[in-house]
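What follows is a single structure, written as structure tokens, with notes after it.
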Amino acid sequence: MSDVRLAVLGAGAVGSSVADLAGEYGHDVVALADSSTAAVDPDGVDTTAALSQKADGAGLGSATPEDALATDYDVLVEATPTTLGDAQPGFGHLATALERDRHVVLANKGPVAERYADVRELEVDSAGTVLFEATVGGAIPILSTVSDLGASRVDAVRGVLNGTANFVLSRMAAESVAYEHVLAEAQDLGVAEADPSFDVEGTDAALKCVILANRLVEADAADVDDLRERTTSLEAAEVEGIRGLPADALELAAEDGRTVRLVGEATRDAVRVGPRLVPEHGTLAVSGTRNIVEIESTHAGQLAISGRGAGGDATASAVLSDVGRLS
Amino acid sequence: MPLEETDTDNLATGVEEKLEADTDNLATRVEDAVDDEELETDGGPGSDPQVHTIMLELPDEPGQLLAALQPVAENGGNLLSVVHERGDRTPRGRIPVEIALECPPVRFESILDGVRDAGLTVVEADAESYADEVVVVLVGHLVDTGLSGTLQEIRENAEATVADVALSAPEADEEQPSAARLHLRAREGCVERALSTVRAVADEKDLTVIEPLGGV
């Protein structure tokens, strides 16, 4: 599908990369909005101009985010920051688009991590479809691989799904330096946020695993009500982070040919995230901010895909792949 | 001759102990003790040599077989047979070795300990199978919460042996958590049970368990 009219909500790293790259994929951005301003043009927004205007502090344009949502588009790209609980305002944006029979591509994890059944219920009554490859593992095609294999034939998905935590653990193991030291380094490099809790406490990886687990149970659900019964949530997940992990723990693991990674596991029954021992040179021991997933499937056995789990362009590529699938 | 002296000493001690233990049956006990052949050996009860078997899996490296046999010799075991076929491999690429030996039961544990201390994997000892080995790292205030007590609880409840413990040098700063690596050997199919015991014990003491990912 090319020549798609995109309305992009959210102008952070992912939203602005989608706006930048859309033209290369043959699409037009007809609206680009952040939380307070928007640029809307049915003939295509000059995204470069809008983003540089935003960088200068003037906002994206004279329109409002509501104008962006009301404009005529084919696909809504929801790239506002992930929020928990009711997942607003992202969920509301998605609902509006589906009510108008438009497609939705999510980069925002909130709606599918917290309200998976609600999303599917709205989708049933809409001509629009919701895709969300970018919500799990950035550039890595995890959900589409699960769909290709057939979610009913996938037993488990596990992997390293948070680049910040992986950067910290792999640096600690390589340099034998303390957690706090590596975290400060990661913050200097822009790999970790000023408040890294979401990443180092395992919440981010857990949300991704909840999405995956819900995708797996969906394959067995008869209808939306059944799906609602089966879906899991962040509250039900067993989550342990890596905050304050002593470098000694990594050294002891290394003496044994092992290392520690923050591993998330999603099955139909449970979501579990925590520091785990993995073989030092094994598949899951990726280093730096790299992510990796292993998909355990009935007939294909184990598949592993590794790549960039975050970053504007990498995540935007997953968004634009989803747009391409909406034909 | 020194040997005679020793024997006499043993006999005397034996009688004395039994006297203390049971004065009522003094006459009988003394008679029994004199008849008891065990008193003429140096091992006391349980010292009759028996045949034991050990199944090992050795890495394919020079000196491994010697390392496995050394503890047998050191503990006075009498080697009966060694079945070692280099062509035979386990799925993990190790070489299965079966050792049959003769020694008093009390010595057998020391031999097993010696073999394990040499870093070798005992798969089975006298048909009691320790098929599964699992490694965990515990993190937290290990010393404050009593590491030996923690290990004891794991031993008692996990139906697993703690084959090896490595503790990181405790920091001068007591606020900092320390770490310990445990090798647990569980009977075949009991790894999950062993791990859940470790989890429960750790939970009680507010320790973090870094578990292996399945199949490690």
Side-chain angles (χ1 to χ4, degrees), chain A residues 155-160 165 169 172-173 176 178-181 200-202 238-267 270 272-285 292-294 296 301-302 304, chain B residues 59 61 92-94 116 119-121 132-145 147 151 162-185 191-192 194-196 198-200 202-203 206-216:
Chain A
D155 304 317
V157 183
R158 71 177 77 86
V160 171
L169 290 173
M172 281 176 74
S176 299
Y179 170 84
E180 288 76 14
H181 178 94
V200 298
E201 282 171 7
E238 190 186 328
V239 185
E240 177 109 45
I242 59 158
R243 190 188 282 277
L245 193 77
D248 294 340
L250 287 142
E251 269 169 44
L252 287 171
E255 283 170 16
D256 230 33
R258 293 170 168 85
T259 190
V260 179
R261 287 291 179 267
L262 183 66
V263 176
E265 290 178 281
T267 65
R272 183 173 170 199
V273 174
R276 304 290 285 271
L277 289 170
V278 298
E280 204 171 8
H281 303 293
T283 318
L284 291 180
I292 184 158
V293 283
E294 272 182 359
E296 199 89 52
Q302 212 171 61
Chain B
E61 288 163 17
R92 289 176 186 164
R94 296 186 181 188
R116 285 171 183 149
L120 303 173
T121 308
D132 296 319
E133 179 168 316
V134 69
V135 184
V136 297
V137 173
L138 296 180
V139 176
H141 296 284
L142 295 164
V143 179
D144 293 353
T145 56
L147 182 61
L151 296 179
V162 180
D164 180 60
V165 181
L167 181 66
S168 67
E171 294 279 334
D173 182 359
E174 282 174 14
E175 293 299 304
Q176 293 295 319
S178 49
R181 184 190 64 226
L182 314 183
H183 281 241
L184 305 175
R185 289 209 181 90
V191 164
E192 192 38 54
L195 284 176
S196 67
V198 173
R199 259 178 245 144
D203 201 39
D206 207 18
L207 305 174
T208 301
V209 188
I210 305 180
E211 288 176 40
L213 200 62
V216 175

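Proteins come first, then strands; the chains are lettered A, B, ... in the order of their sequence lines, and each starts at number 1.
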Structural part of A:E265 lying under 4.5 Å from a heavy atom of chain B: side chain
Is chain B contacted by the side chain of A:L250, its backbone, both, or neither, given a heavy-atom distance below 4.5 Å? neither
Determine whether more than 12 heavy atoms belonging to other residues, nucleotides or ligands lie under 6.0 Å from atom CG of A:D155. yes
Hey, what do you get for CG (B:L213) to CZ (A:R258), rounding to the nearest 0.5 Å? 11.5 Å
A:R158: what forms a side-chain hydrogen bond (donor to acceptor under 3.5 Å, both in side chains) with it, not counting sequence neighbours? A:E294, A:E296
So what's closer than 4.5 Å to chain A heavy atoms on B:V139: side chain, backbone, both or neither? side chain
Heavy-atom pair with the smallest gap, counting every atom of [X] and [Y]:
X: A:G244; Y: B:P177; answer: O-CG, 3.7 Å
X: B:T208; Y: A:E240; answer: OG1-OE2, 3.6 Å
X: B:V137; Y: A:L277; answer: CG2-CD2, 3.9 Å
X: B:I210; Y: A:A249; answer: CD1-CB, 4.3 Å

Which residue out of A:V260, A:V263, A:L245, A:D256 racks up the most heavy-atom pairs below 4.5 Å with chain B? A:D256
Does A:E238 come within less than 4.0 Å of B:R199, counting only side-chain N to carboxylate O? no
